[in-house]
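Below is one structure, written out as structure tokens, with a few remarks after it.
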Amino acid sequence: MSEKSITDLSSVHRPIELANGLPNAHYTDPSIFAEEAQAVLFNEWAGLGVTAEVPEPGDALPVEFAGIPLLMLRGRDGTVRVFQNICRHRGMILVEEPRKIEGAIRCPYHSWCYATDGRLVSTPHVGGPGTNTHAGVDRSTLGLIEVRSHIWRDVVWINISGQAAAFEDAMAPVIARWAEFETPLYHGGDDSRFDLKVRCNWKLAVENYCESYHLPWVHPGLNSYSRLEDHYHIEAPQHHSGQGTRVYRQLQDDVGRVFPDFPGLGPKWDTAAEYVSVFPNVLLGVHRDHAFVILLMPQATNETVEKVHIYYASPDSDASLRARNTAQWKDVFVEDLFVVEGMQRGRTAPGFDGGRFSPAMDGPTHLFHDWVAARVENYRTQEKAAE
Ligand code: FES
Ligand SMILES: [Fe+2]
């Protein structure tokens with residue numbers, strides 16, 4: 001067993017003028033990675049995927065979430081559910097690759113079969129050759145283990161512990177913030193999704209996304225029309241943080257065509273756009289004419305996969321304009337890679353004390369650190385009480 005580390009997080013909670021960021025171990029130590037997985041990824045509502053990844057009944061997508069094998073599955077009834085991707089018999093992984101389930105999910109080991117709603121429906125030879133039932137194997141108690149889930153903004157949110165508040169309550173601040181955007185979202189399809197493999201801890205991606213301070217140097221292209229001073233902070237303590245701009249310029253093609261707007265938006269959105277990190281691992285962006293989701297999939301202390309999905313107001317947006325929009329965002333997100341990867345490498349320097357925040361510019365970042373620290377401390381208290 002590896003030694004379990006305990007970090008002192010008290011300085012993270014100080015007022016921003018005096019606070020430090022999370023200690024290095026929160027970016028480099030596997031035991032802290034595992035502790036944070038429990039405290040913030042499993043105990044809270046986290047993003048697993050989007051329903052557009054399983055568009056049709058029977059579509060099954062295996063996804064590993066911080067080490068847990070899960071299965072996102074659209075049932076015959078059209079409902080998207082999340083299950084632990086294991087057979088209740090001997091724990092075999094059920095689905096290895098994305099595929100369409102025709103009929104039932106058959107375990108490749110001894111052929112126990114599950115319906116797409118999770119029920120165990122057949123157990124061949126379980127009572128001996130030719131006998132498919134046994135009094136000791138009660139199928140009604142051996143369905144797939146379902147993970148609590150909820151769909152919002154096409155994101156499949158999961159709460160692995162089952163202990164978080166109801167989704168609508170837990171997410172009330174951000175749902176209220178973007179109430180105007182509660183209109184249908186249409187995924188742009190294959191040209192509107194991409195993954196980025198990033199050599200950094202997942203939290204660095206959150207921290208970088210929620211601040212605009214870095215724009216002039218990391219995103220000179222964006223900054224040329226939406227300047228640092230056009231941005232404002234978004235701060236919902238203990239919940240989400242981010243940044244908005246008052247200057248959003250729509251993408252146009254050569255003849256001046258643009259994407260259609262989401263219906264019913266107020267005048268603010270003629271020129272504004274907002275980018276919010278919904279803690280722990282979902283980064284969202286909204287604009288008058290498109291929205292995006294970035295799911296951060298933590299792989300290891302220093303490895304994360306960013307899964308990007310872009311959405312429009314109509315199901316038949318122009319494909320070439322969509323491709324340009326995807327390319328433009330990909331360029332921006334790739335511009336961020338050297339800083340999140342550089343900060344990750346910086347966290348092996350023993351002299352780094354978590355760093356200091358600009359009281360004027362780093363409020364959203366500090367707010368995230370404060371949230372993580374509080375969740376981890378809470379978890380430690382509960383663990384101690386349970387000992
Ligand atoms: S492990 Fe699945 S049927 Fe045996
Ligand atoms: Fe950035």
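Note that the coordinates shown come from a computational prediction; the quantities given were computed from them, not determined experimentally.
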request  = Assert yes or no for the condition that the ring centre distance of H219 to F333 is strictly below 6.0 Å.
outcome  = no

query = Less than 6.0 Å separating the ring centroids of F368 and F279?
reply = yes

message = I'd like to know if the side chain of H366 and the backbone of V12 have a donor-acceptor N/O pair within less than 3.5 Å.
response = yes

key: Residue list, salt bridge (charged side-chain N to carboxylate O under 4.0 Å, His left out) with D230, at least two apart or on another chain   = R227

remark   = When rounded to the nearest 0.5 Å, the distance separating CZ of F262 from NE2 of H290 is 8.5 Å

Identify every side-chain donor-acceptor pair in residues 162-179 under 3.5 Å, counting partners at least two apart or on other chains, and give the distances.
residue: Q163; atom: NE2; partner: S161; partner atom: O; Å: 3.4
residue: R177; atom: NE; partner: E274; partner atom: OE1; Å: 2.8
residue: R177; atom: NH2; partner: E274; partner atom: OE1; Å: 3.4
residue: R177; atom: NH2; partner: E274; partner atom: OE2; Å: 3.0
residue: W178; atom: NE1; partner: E274; partner atom: OE1; Å: 2.9

inquiry  = Check the orientation of Y311 and H187. Use parallel for under 30°, tilted for 30 to 60°, and perpendicular for over 60°.
reply    = perpendicular

Residues F259, Y312; criterion ring pair (Phe, Tyr, Trp, His ring centres under 6.0 Å); working and verdict = CA-CA 8 Å; F259 294 116; Y312 296 93; 4.4 Å; yes

ask   = Do side-chain atoms of N201 reach the backbone of T301 as a donor and acceptor pair under 3.5 angstrom?
value = yes

query = Salt bridge check: are R324 and D254 linked by an N-O gap of less than 4.0 Å?
reply = yes

request  = Report whether V305 and F194 are members of the same hydrophobic cluster (ILVMFWY, side-chain heavy atoms less than 4.5 Å apart, transitive linking).
outcome  = yes

query = Do R119 side-chain atoms and G143 backbone N/O form a donor-acceptor pair below 3.5 Å?
reply = no

ask   = Is there a donor in the side chain of R139 and an acceptor in the side chain of T123, or the other way round, less than 3.5 Å apart?
value = yes

message = Closer than 4.0 angstrom, basic N to acidic O: yes or no for E56 and K100?
response = yes

ask   = Hey, does the side chain of T116 reach the backbone of R76 with a donor-acceptor pair shorter than 3.5 angstrom?
value = yes

query = Taking only residues two or more places apart in sequence, or in another chain, which ones meet H233 in a ring-ring contact (aromatic ring centres under 6.0 Å, His included)?
reply = none

query = Under 3.5 Å, is there a donor-acceptor pair between the side chain of E211 and the main chain of H214?
reply = yes

task = Only one of L295, L48, L185 passes side chain to side chain contact (heavy atoms under 4.5 Å, CB included) with V155; say which it is.
result = L295

message = Which residue is it: D316, D191, D289, D253? I am looking for the one with a salt bridge (Lys or Arg N to Asp or Glu O under 4.0 Å) to R322.
response = D191

query = Would you say the side-chain atoms of N302 and R199 include a donor-acceptor pair closer than 3.5 Å?
reply = no

request  = Would you confirm whether S11, through its side chain, and A19, through its main-chain N or O, come within 3.5 Å as a donor-acceptor pair?
outcome  = no

query = Without hydrogens or angle criteria, can the side chains of D154 and T51 be said to hold a donor-acceptor pair below 3.5 Å?
reply = yes

task = For atom OH of Y232, decide whether the heavy atoms of other residues, nucleotides or ligands shown that lie under 6.0 angstrom number more than 12.
result = yes

query = Judged by atom type as modelled, is there a donor-acceptor pair below 3.5 Å linking the side chain of D59 to the main-chain atoms of E53?
reply = no

Worked verdict on E180 versus K268 for salt bridge (Lys or Arg N to Asp or Glu O under 4.0 Å) = CA-CA 11 Å; E180 285 174 282; K268 165 183 174 178; over 6 Å; no

message = Within this structure, what is the OG1-OH distance for the pair T245 and Y225, rounded to the nearest 0.5 Å?
response = 7.5 Å

inquiry  = ring pair (Phe, Tyr, Trp, His ring centres under 6.0 Å), that's the test. Do W329 and H287 meet it? Break it down for me.
reply    = CA-CA 13 Å; W329 278 119; H287 318 74; 5.5 Å; yes

inquiry  = I'd like to know if the side chain of H309 pairs up with that of S192 as donor and acceptor (distance under 3.5 Å, no hydrogens or angles considered).
reply    = no

request  = Could you list all the side chain to side chain donor-acceptor pair (under 3.5 Å) pairs where at least one residue sits in residues 343-356, not counting sequence neighbours?
outcome  = none

key: Under 3.5 Å side-chain donor-acceptor pair for E182 and W152   = yes

ask   = Is V147 linked to I93 within one hydrophobic cluster, defined over Ile, Leu, Val, Met, Phe, Trp and Tyr using a side-chain heavy-atom separation of less than 4.5 Å?
value = no

key: Ring-ring centroid check F181 W269, cutoff 6.0 Å   = yes

ask   = Between H240 and V276, is there a donor-acceptor pair closer than 3.5 Å when you use the side chain of the first and the backbone of the second?
value = no

request  = State which residues pass salt bridge (charged side-chain N to carboxylate O under 4.0 Å, His left out) with R88; sequence neighbours excluded, sorted by chain then number.
outcome  = none

ask   = Among the clusters formed by ILVMFWY side chains lying less than 4.5 Å apart, do I151 and M72 turn up in the same one?
value = yes

inquiry  = For the backbone of S358 and the side chain of D362, can you confirm whether one donor and one acceptor N or O come within less than 3.5 Å of each other?
reply    = yes

Linked, directly or transitively: V332 and V282 (ILVMFWY side chains, under 4.5 Å) = yes

inquiry  = Donor-acceptor pair, distance only, cut-off 3.5 Å: does the side chain of E36 make one with the backbone of F33?
reply    = no

message = Could you measure the distance from the CG atom of L222 to the CZ atom of R249? Nearest 0.5 Å is fine.
response = 9.5 Å

request  = Could you tell me which non-hydrogen atom of L41 sits nearest to which non-hydrogen atom of P298, and how far apart they are?
outcome  = CD1-CG, 3.8 Å

task = Starting at OH of Y209, measure out to CG of L283 and round the result to the nearest 0.5 Å.
result = 6.0 Å

ask   = Any Lys/Arg nitrogen of D195 or K307 sitting under 4.0 Å from an Asp/Glu carboxylate oxygen of the other?
value = no

task = Kindly give the cluster partners of I101, where membership spreads through any ILVMFWY side chain lying under 4.5 Å from a current member.
result = L71, L73, F83, L94, V95, I105, W112, Y114, L120, V126, V137, L142, L144

message = Can you tell me how far apart CD (E341) and CG (N208) are? Round to the nearest 0.5 Å.
response = 11.5 Å

key: Over 12 non-hydrogen atoms of neighbours within 6.0 angstrom of OH in Y213   = no

inquiry  = Between Q238 and R375, is there a side-chain donor-acceptor contact under 3.5 Å, judged purely by atom types and distance?
reply    = yes

Nearest heavy-atom neighbours spanning C200 and T304 = O-OG1, 2.7 Å

